[in-house]
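Notes follow once the structure below has been shown.
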Amino acid sequence: MPCTDPQFGTYMGGGCYWKAMVPPPLAPPPGGQDPAKGAWGTKTCYQSPGSDFVTQVYYWNPNPPDAGPTPAQLAQQALAKLHLRGAQIGIAPEPGGSGAVGLPVWMWTAVTPETWGPQSASASGGAITVTITAKASRIVWNMGDGHTTTCANPGTPYAASYGNTDSPTCGYRYTVPSSTTTHPHGRYQLTATTYWTVAWAGGGQTGVLNPTSQAQSSVEIGEIQAVTSQ
């Protein structure tokens, strides 16, 4: 008989296998046994060697085998395999240039599996395999002036042909220039926080993880100078 069976668990002798119940039932162990030293599971026994017929009963195992990591723990292991990076920031005006109060600012990220998803990975432990899929759900842009803008999309890259129009997906307008004593070097420091939705499934369970990643940039915002004639 194999030492483990992907469906029935760990071999315990006599043609029988035992597999822990996840989640475990709330029932106490039988006969006053120590709940800290055993576990409920299903005992599956083949009716005869080589038979396709089995019987199953709930069974308290006073000395259960190491069950290995839980599905939730495997999901965390799979998450560690992914590269969830902060936004690959694009901004108009460009960081080397300058914009003006009241004019539109465009924000976006280059879309890659690492900056927006999807990404997938798996992790296994014992007879359990958990698979995760990560997708970005939104970017919260801290504009550096005390305000934030939330974009449920990667934004639209700016092109010169757009002129001074607003971004159709992710934009902002400053009301105060960045050249004040409260902004080092006369620039607004931007922080883009990407929020991820990581769905996982395996071992008869499902769940969602919500990690974040960050990236930073800056922008200079001046004042529009009015020209008057005498």
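The shown structure was predicted, so the numbers you read here are calculated from the model rather than taken from an experiment.
- Of all non-hydrogen atoms in Glu223 and Pro177, the two that sit nearest each other are CG-CG, 3.7 Å.
- Using a 4.5 Å heavy-atom cutoff, the side chains of Leu82 and Ile132 are in contact.
- Residues Gln205 and Trp200 have side chains in contact (heavy-atom distance under 4.5 Å, counting atoms from C-beta outward).
- Here Met143 contributes atom CE and Thr149 contributes atom OG1; the two are 5.5 Å apart, rounded to the nearest 0.5 Å.
- Atom OH in Tyr11 sits 7.5 Å away from atom SG in Cys16 (nearest 0.5 Å).
- A donor-acceptor pair is defined here as one N or O able to donate and one able to accept, closer than 3.5 Å; such a pair exists between the side chain of Gln119 and the backbone of Pro113.
- The distance from atom CD1 of Ile221 to atom OH of Tyr174, rounded to the nearest 0.5 Å, is 6.0 Å.
- For the pair Trp106 and Thr165, the minimum side-chain heavy-atom distance is below 4.5 Å.
- At least one side-chain heavy atom of Trp40 sits under 4.5 Å from a side-chain heavy atom of Pro30.
- Residues Val105 and Pro93 have side chains in contact (heavy-atom distance under 4.5 Å, counting atoms from C-beta outward).
- Using a 4.5 Å heavy-atom cutoff, the side chains of Thr197 and Lys135 are not in contact.
- Closest approach of Thr115 to Gly86, counting heavy atoms only: CG2-O, 3.6 Å.
- The closest side-chain heavy-atom distance from Leu190 to Tyr172 is not below 4.5 Å.
- Annotation: the span from Glu114 atom CD to Gln88 atom CD amounts to 9.5 Å, rounded to 0.5 Å.
- Note that the CH2 atom of Trp108 and the OH atom of Tyr158 stand 9.0 Å from one another [nearest 0.5 Å].
- Summarising the local packing, CD of Gln56 is surrounded by more than 12 heavy atoms from other residues, nucleotides or ligands at distances under 6.0 Å.
- Here the closest heavy-atom approach between residue Gly155 and residue Cys170 is recorded as CA-CB, 3.9 Å.
- Counting heavy-atom neighbours within 6.0 Å of Lys81 NZ, excluding the residue itself, gives a total above 12.
- Using a 4.5 Å heavy-atom threshold, the side chains of Thr194 and Thr109 count as separate.
- Side-chain contact annotation: Thr169 with Thr156, donor-acceptor N/O pair under 3.5 Å present.
- Distance check: Thr193 OG1 to Trp141 CH2 gives 10.0 Å after rounding to the nearest 0.5 Å.
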